[in-house]
Amino acid sequence: MAKISINIATGSLQQAEMIVGIDLGTTNSLVAIIHPESKQPTALKEFDSSSLVPSVVHFDALGNAEVGELAKNYLESDPGNTIFSAKRLMGKSFNDLKSNANFFTYKVIDDDADRLVKVQVGNQFYSPIELSSFILKELKNRAEHILKTPVSKAVITVPAYFNDAQRQATRDAGKLAGLDVLRIVNEPTAASLAYGIGLNKDEEKTIAVYDLGGGTFDISILRIAGGIFEVLSTNGDTYLGGDDLDRALMEFWLNQIGIPFHEIKNDKSALQSLRLLAEEAKKTLSSSNSFEGVWNDNRVTITVDEFNSIITPLVNRTIDSCSKALADAGLSVDQIDAVIMVGGSTRVPLVKSSIGAFFKQTVNDSVNPDEVVALGAAIQADILAGNNKDFLLLDITPLSLGIETMGGLMDVLIPRNAKIPNKAGRQYTTQKDGQGSMRISVFQGERDLVQHNRKLAEFNFTGIPGMPAGMPKVEVSFLINADGILSVTAKELRSGVEQSIEVKPQYGLTDEEVEAMLMDSITHAKEDMVTRALVEARTEGEQILSVTEKFIAKNTSLLTKEELIATASAMQNLQMALTMDDKNLIQTKIEELNEISRPFAERAMDAAVGGALKGKQV
Ligand code: ADP
Ligand code: MG
């Protein structure tokens with residue numbers, strides 16, 4: 001394996017291996033590099049094909065995953081085993097997704113809790129991290145195949161509004177795919193770099209990045225000064241995009257030929273071919289004035305004017321979001337120096353002209369909108385590789401900082417390569433009724449189990465008032481000041497009890513030690529993720545057993561004899577599964593217990609028990 005060395009002062013890597021830029025999109029993903037000869041950002045593609053890899057994973061009967069165009073063919077014919085839009089699930093619990101549950105045609109597990117979601121395919125359970133890792137792995141393979149060299153380092157983009165959990169999930173997905181994720185970059189920041197905005201230190205600009213993709217719409221207002229990108233505001237609609245334009249067109253045609261939607265709604269293949277034809281028509285109309293096709297022996301036609309009139313309401317919704325984003329940033333349109341078009345759907349001429357009219361300027365659309373984010377990620381990767389010496393990099397943390405949570409897992413609060421100064425916080429809760437103290441252990445490193453990382457400090461947070469397990473809200477905050485000194489504070493939010501300590505994270509670590517810790521994390525990524533998943537499943541199983549036990553003890557009278565027997569047997573099965581090293585078996589048994597207990601739990605679940613299900617436990 002290639003040797004890496006990190007310059008702690010600049011955070012730049014000093015070696016020759018290529019670092020790729022990856023746009024991990026909801027609909028399409030792709031990988032880009034700075035071309036070694038032309039020095040131009042370039043999207044990688046196999047000869048003659050598209051640079052885009054559909055973000056779709058299909059599992060065959062044996063559980064083998066295939067990704068991209070091949071998988072996309074199964075969207076309608078095998079919906080239960082074909083996972084699309086996994087990005088929407090990243091860092092989310094079922095409760096977060098509830099209002100859009102109908103959107104998913106595959107099985108998203110509803111365990112009625114605030115835990116991270118899983119997807120069930122056959123008897124396998126996949127986390128969104130694993131699903132995204134299949135896509136990243138495909139991109140990695142593709143890059144290696146085209147470049148004919150191993151690729152192990154990447155910059156990955158995420159939407160500007162992604163929270164800490166979603167960013168961490170994206171990092172973990174990269175790790176699982178065998179990639180060392182050097183930095184997570186905001187998509188609008190990447191797009192702006194691809195247009196060369198922000199590459200000059202002395203430049204000060206305020207820009208709007210309008211991103212209309214396949215299923216999502218984002219508008220971000222950025223302020224760029226001295227090489228720093230600040231997100232002033234974001235707005236958008238996570239369920240609005242090119243797919244909605246396709247649907248509007250499908251309805252238009254069904255109307256045209258006089259078939260009510262309910263008559264064909266169960267005919268999967270007819271719907272599939274209509275959807276494909278609609279998408280083809282939409283793309284054609286981006287460069288011609290009309291489209292004609294045949295569907296199920298019917299001639300279907302549409303002109304640009306007709307198309308524009310059916311999509312105007314959708315375009316107007318994006319303009320409303322733009323107004324809100326401007327208002328949140330406290331700006332008016334004439335304070336925006338540039339408007340950048342991102343996402344395949346911005347090829348639609350009405351979109352470009354309407355957005356230009358709203359911002360009272362010509363929009364930037366010279367860079368391919370499908371590729372612009374990945375190209376910008378490649379530019380950022382090149383800066384990290386130290387090839388672009390003129391660009392000033394901010395001070396960054398050389399290794400991740402986090403605390404130990406249940407099962408000895410490392411919970412990262414400030415990831416490696418984060419800007420200094422920085423702050424981050426997360427809420428934890430107690431495990432036992434009346435628990436009055438909590439041990440906070442601070443670690444530095446990239447491995448999933450704290451035992452492989454370096455302990456920086458530890459303190460006993462005392463004085464938590466007596467409450468049932470799961471009730472206290474202990475917020476742990478990390479603050480790194482401009483000198484790189486970390487202070488860790490724990491505060492119980494209900495009572496206001498607070499304690500803090502100071503740590504100097506870099507102290508005593510040589511460049512070589514940092515390097516060795518990084519290499520370790522890459523070598524052990526796969527086994528670490530497997531251990532993490534197992535520890536998480538076990539912790540979840542143990543919690544559910546203890547909650548169920550308490551519940552039964554309290555509510556025996558509410559349950560029928562049959563329910564009691566069924567519950568006891570499901571609990572026993574789960575107990576057995578917990579003794580084995582099989583994450584899927586544990587999850588299956590958790591599901592079975594949930595199935596049995598859900599009806600009576602719904603009948604009688606009281607707030608204290610519900611509370612115990614919520615929140616991570618230290
Ligand atoms: P995401 O960022 O969500 O992964 P993309 O930026 O790849 O998505 O956008 C995909 C969308 O762009 C699809 O709905 C696709 O139909 C649409 N699209 C691609 N090319 C064109 C075109 N020429 N005209 C109109 N829409 C297009
Ligand atoms: Mg995108």
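One-based numbering, in listed order, for ligands and for the atoms of each.
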**Student:** Looking at Gly25, which atoms of ligand 1 are within less than 4.0 Å of one of its heavy atoms?
**Tutor:**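 Those qualifying, in numeric order: 4 (O).
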**Student:** Identify the protein heavy atom lying closest to atom 2 (O) of ligand 1, giving its residue, its atom name and the separation to 0.1 Å.
**Tutor:** Gly213 CA, 4.1 Å
**Student:** Any N or O on Asn28 sitting closer than 3.5 Å to an N or O of ligand 1?
**Tutor:** yes
**Student:** Just jot down the ligand 1 atoms closer than 4.0 angstrom to any heavy atom of Thr26, in number order.
**Tutor:**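 Once the distances to Thr26 are compared, the set is 3 (O), 4 (O).
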**Student:** Measure the distance from atom 25 (C) of ligand 1 to every protein heavy atom, then report the residue, atom name and distance (to 0.1 Å) of the closest one.
**Tutor:**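 That would be Ser286 OG, 3.4 Å.
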**Student:** Looking at Val348, which atoms of ligand 1 are within less than 4.0 Å of one of its heavy atoms?
**Tutor:**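 Reading through ligand 1 atom by atom, the close ones are 25 (C).
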**Student:** Has ligand 1 got any nitrogen or oxygen that is less than 3.5 angstrom from a nitrogen or oxygen of Thr27?
**Tutor:** yes
**Student:** For ligand 1, find out whether one of its N or O atoms is nearer than 3.5 Å to an N or O atom of Gly343.
**Tutor:**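 Among all N and O atoms of Gly343, none is under 3.5 Å from an N or O of ligand 1.
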**Student:** Does the pair Glu144/Lys140 count as a salt bridge with the N-to-O cut at 4.0 Å?
**Tutor:** yes
**Student:** May I ask you to test the Ser77-Ser269 pair for a side-chain heavy-atom distance under 4.5 Å?
**Tutor:** no
**Student:** Please could you name the atoms of ligand 1 that Gly214 approaches to less than 4.0 Å, counting only its heavy atoms?
**Tutor:**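 So the atoms of ligand 1 that pass are 1 (P), 3 (O), 8 (O), 9 (O), 10 (C), 11 (C), 13 (C), 14 (O).
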**Student:** Given side chains that start at C-beta, do those of Ile184 and Arg171 come closer than 4.5 Å, heavy atoms only?
**Tutor:**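 Yes; the side chains approach each other to less than 4.5 Å.
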**Student:** Should the proximity of Ser345 to ligand 1, defined as any heavy atom under 4.0 Å, be assigned to the side chain, the backbone, both, or neither?
**Tutor:** both
**Student:** May I ask you to identify the nearest protein heavy atom to atom 19 (C) of ligand 1, giving residue, atom name and distance to one decimal place in Å?
**Tutor:** Lys283 CE, 3.5 Å
**Student:** Within 45° of the six-membered ring axis of Phe104 and under 6.0 Å from that ring's centre, is NZ or CZ of Arg88 located there?
**Tutor:** no
**Student:** Which ligand 1 atoms are under 4.0 Å away from a heavy-atom of Gly242?
**Tutor:** 14 (O)
**Student:** With atom 23 (N) of ligand 1 as the reference point, say which of Lys282, Arg347, Glu279 has the nearest heavy atom.
**Tutor:** Arg347
**Student:** For the aromatic rings, using the six-membered ring if either is Trp, is the centroid distance between Phe84 and Tyr106 under 6.0 Å?
**Tutor:** yes
**Student:** Is any NZ, NE, NH1 or NH2 atom of the basic residue among Lys87 and Glu187 found under 4.0 Å from an Asp or Glu carboxylate oxygen of the other?
**Tutor:** yes
**Student:** Less than 4.5 Å apart, any side-chain heavy atom of Asn81 and any of Tyr74?
**Tutor:**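 No; the side chains remain at least 4.5 Å from each other.
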**Student:** At what distance is the nearest protein heavy atom to atom 6 (O) of ligand 1, and which residue and atom is it?
**Tutor:**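 Nearest protein contact, heavy atoms only, for atom 6 (O) of ligand 1 is Gly344 N, 3.0 Å.
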**Student:** Quick one: are Val117 and Leu97 in side-chain contact, heavy atoms under 4.5 Å?
**Tutor:** yes
**Student:** Should the pair Arg532-Glu536 be classified as a salt bridge under the 4.0 Å nitrogen-to-oxygen rule?
**Tutor:** yes
